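Being a predicted model, the structure only gives us computed values, none of them experimental.
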Amino acid sequence: MNGYNRESAQASRRGRANRDEGAIFERIISASCEYYRTAGLADIEKTPEPFRITRQLEQGKFIGHFAKKAQPDFQGCIKGGQSIVFDAKATSTDKIPTSALTDVQREILLRRDLLGAISGVLMCYGFKTFAFVPIQTFLNAKKLNGHQHWTADEACQYGSKVEYKGGRLRFLPDTQRIYKIGE
C-alpha cells in the first residue's frame with residue numbers, strides 16, 4: 001500500500017531546504033565575486049553545469065539531462081595571477097560531511113592545489129558562520145577532528161573564518177588590506 005511515509009517526507013523537506021539554502025549561498029558568492037571583479041581584485045565565475053538538450057519541445061521548452069558530474073562551483077584568478085577554485089557547501093545543520101564533494105570535484109580541487117591554486121571549500125552554516133577550508137585540510141577531517149565532517153567551529157579553526165559584511169563574503173586572502181582599499 002502506498003501511504004504517507006513520515007521519514008521520507010521529512011527527508012524530502014530537508015533536501016529541498018538544503019537546495020534552497022545552497023542556491024541563496026551561491027547568489028551571495030556570485031555577488032561577492034562581482035564586487036571583486038569590478039574592484040579589479042579578482043575574476044571569479046560560477047562554473048556552469050554541463051547540460052545537454054535531448055529534445056526540443058514547443059514554446060521554448062525542452063527535455064535534457066546533465067552531461068557529466070559537477071565540477072567545483074567557482075573558479076578564476078585573483079590579482080597577481082594566482083588561480084582560485086572552490087566548491088560551495090551550505091547547511092542548516094551543524095555539520096558538512098566530507099562526502100558532500102563528488103569524486104570529480106575532489107579530484108579537480110586536488111589537481112589545482114598541486115599546481116599552486118587556492119583550492120578549497122567555502123562553507124556556510126545557517127547563514128551565521130562562513131569559513132574557507134583548503135582542500136587538503138578539508139579531506140583530512142578524520143585525522144584533524146576525529147570524524148568525517150566539519151562543524152563551523154572546526155572549519156574556522158583549521159581554515160579561515162570568512163566575514164560577511166555589506167552583502168559580500170570576504171573570502172579572498174588578505175581581505176583586510178583589500179577591503180580598506182575597496183570600501
Side-chain heavy atoms nearer than 4.5 Å, only ILVMFWY residues, links allowed to pass through others: does that put [X] and [Y] together?
| X | Y | answer |
| --- | --- | --- |
| Ile44 | Leu122 | yes |
| Ile96 | Leu109 | yes |
| Phe132 | Val121 | no |
| Ile118 | Leu114 | no |

Are side-chain heavy atoms of [X] and [Y] found at a separation under 4.5 Å?
| X | Y | value |
| --- | --- | --- |
| His147 | Lys142 | no |
| Leu110 | Ser119 | no |
| Asn140 | Asn145 | no |
| Asp94 | Thr151 | no |

If you compare all heavy atoms of [X] against all heavy atoms of [Y], which two are closest, and at what distance to 0.1 Å?
| X | Y | result |
| --- | --- | --- |
| Cys156 | Phe130 | SG-O, 4.2 Å |
| Pro72 | Val85 | CB-CG2, 3.7 Å |
| Phe138 | Met123 | CE1-SD, 4.0 Å |

Practice prompt. Under the side chain to side chain contact (heavy atoms under 4.5 Å, CB included) rule, what do Thr38 and Glu34 come out as? Steps first, then yes or no, please.
Written response: CA-CA 6 Å; Thr38 58; Glu34 178 63 18; 3.3 Å; yes
Worksheet entry | Counterpart residues, ring pair (Phe, Tyr, Trp, His ring centres under 6.0 Å), relative to Phe127 (two or more places apart) |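 Partners of Phe127 by the ring pair (Phe, Tyr, Trp, His ring centres under 6.0 Å) criterion come out as none, since no residue qualifies.
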Worksheet entry | Contacts of type side-chain contact (heavy atoms from CB on, under 4.5 Å), residue Ser92, not counting sequence neighbours | Asn18, Glu21
Under the 3.5 angstrom rule, does the side chain of [X] hit a backbone N or O of [Y] as a donor-acceptor pair?
| X | Y | answer |
| --- | --- | --- |
| Ser32 | Arg168 | no |
| Gln82 | Gly116 | yes |
| Asn5 | Glu7 | yes |
| Tyr158 | Trp150 | no |

Item to complete: Report the C-alpha separation of Leu172 and Ile84 in whole Å, then their side-chain angles, then the decisive distance to 0.1 Å, and conclude whether the side chain to side chain contact (heavy atoms under 4.5 Å, CB included) test is met.
Response: CA-CA 9 Å; Leu172 285 183; Ile84 183 169; 3.9 Å; yes
Worksheet entry | salt bridge (charged side-chain N to carboxylate O under 4.0 Å, His left out) contacts in which one or both residues fall within residues 105-114, not counting sequence neighbours | Asp103-Arg106, Glu107-Arg111
Worksheet entry | Residue pairs, two or more places apart or on separate chains, that pass salt bridge (charged side-chain N to carboxylate O under 4.0 Å, His left out) and touch residues 76-90 |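 Applying salt bridge (charged side-chain N to carboxylate O under 4.0 Å, His left out) to every pair that reaches into residues 76-90, excluding sequence neighbours, yields Asp87-Lys89.
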Practice prompt. Quick one: name the residues clustered hydrophobically with Leu115, using the 4.5 Å side-chain heavy-atom rule over I, L, V, M, F, W, Y, and just say none if it's on its own.
Written response: none
Worksheet item: If we ignore angles and hydrogens, is there a donor and acceptor under 3.5 Å between the side chains of Gln71 and Thr47?
Response: no
Item to complete: Kindly state whether the ring of Phe171 and the ring of Phe86 have centres lying under 6.0 angstrom apart.
Response: yes
Worksheet item: Yes or no on side chain to side chain contact (heavy atoms under 4.5 Å, CB included) for Tyr125 and Thr91, after CA distance, side-chain angles and deciding distance?
Response: CA-CA 5 Å; Tyr125 295 87; Thr91 185; 3.7 Å; yes
Worksheet item: Rounded to the nearest 0.5 Å, what separation is found between the CD1 atom of Ile28 and the SG atom of Cys124?
Response: 6.5 Å
Worksheet item: Nearest 0.5 Å, what's the CD1-CD1 distance between Ile24 and Ile29?
Response: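 The distance works out to 12.0 Å.
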Worksheet item: Step by step, would you call Ile78 with Leu41 a side chain to side chain contact (heavy atoms under 4.5 Å, CB included)?
Response: CA-CA 6 Å; Ile78 62 174; Leu41 300 170; over 6 Å; no
Worksheet entry | Residues that Glu26 engages under salt bridge (charged side-chain N to carboxylate O under 4.0 Å, His left out), provided they are two or more places apart | Lys46
